[in-house]
Amino acid sequence: MNRIVTASAAALIALTGAASAMTSDVSGYDAAQIRQFAPNIDLSLVDADAVAKAASVIENLEDDDASFAQIQNSVRHVLTK
């Protein structure tokens, strides 16, 4: 019984570390902003540079008072290149 619990704990630690490593380049704030404009895109499959660029696009367009649709189109374009 103890072996099963120990093996399960080790597996959970390994999986948690792997999941954390996959998303370490994306801040929680950037990911939340991007999900607001592109909720159907899985950010774990997108290059970290593209995610950073999408976050920058959001920031710049919001400063320019762009519409939601304009920001959404720009973010989707950056993420699907």
query = If you round to the nearest 0.5 Å, how far is CG of Asp65 from CD of Gln70?
reply = 10.5 Å
note = Heavy-atom closest pair (Leu79 atom, Ala38 atom, distance to 0.1 Å) is CD1-CB, 4.3 Å
inquiry  = Would you say that more than 12 heavy atoms from the other residues, nucleotides or ligands in this model lie under 6.0 Å from the CD of Glu62, or not?
reply    = yes
request  = Starting at OG of Ser56, measure out to CG of Asp30 and round the result to the nearest 0.5 Å.
outcome  = 9.5 Å
inquiry  = Looking at every heavy atom in both Val51 and Leu43, which two are closest together, and how far apart are they?
reply    = CG2-CD2, 4.3 Å
note = Output for pair (His77 NE2, Gln72 CD), nearest 0.5 Å, gives 14.5 Å
key: side chain to side chain contact (heavy atoms under 4.5 Å, CB included) between Val75 and Val78, intermediate numbers included   = CA-CA 5 Å; Val75 168; Val78 168; 5.9 Å; no
inquiry  = With side chain to side chain contact (heavy atoms under 4.5 Å, CB included) as the test, pick out the partner of Ile71 among Val57, Asn60, Ile58, Asp64.
reply    = Ile58
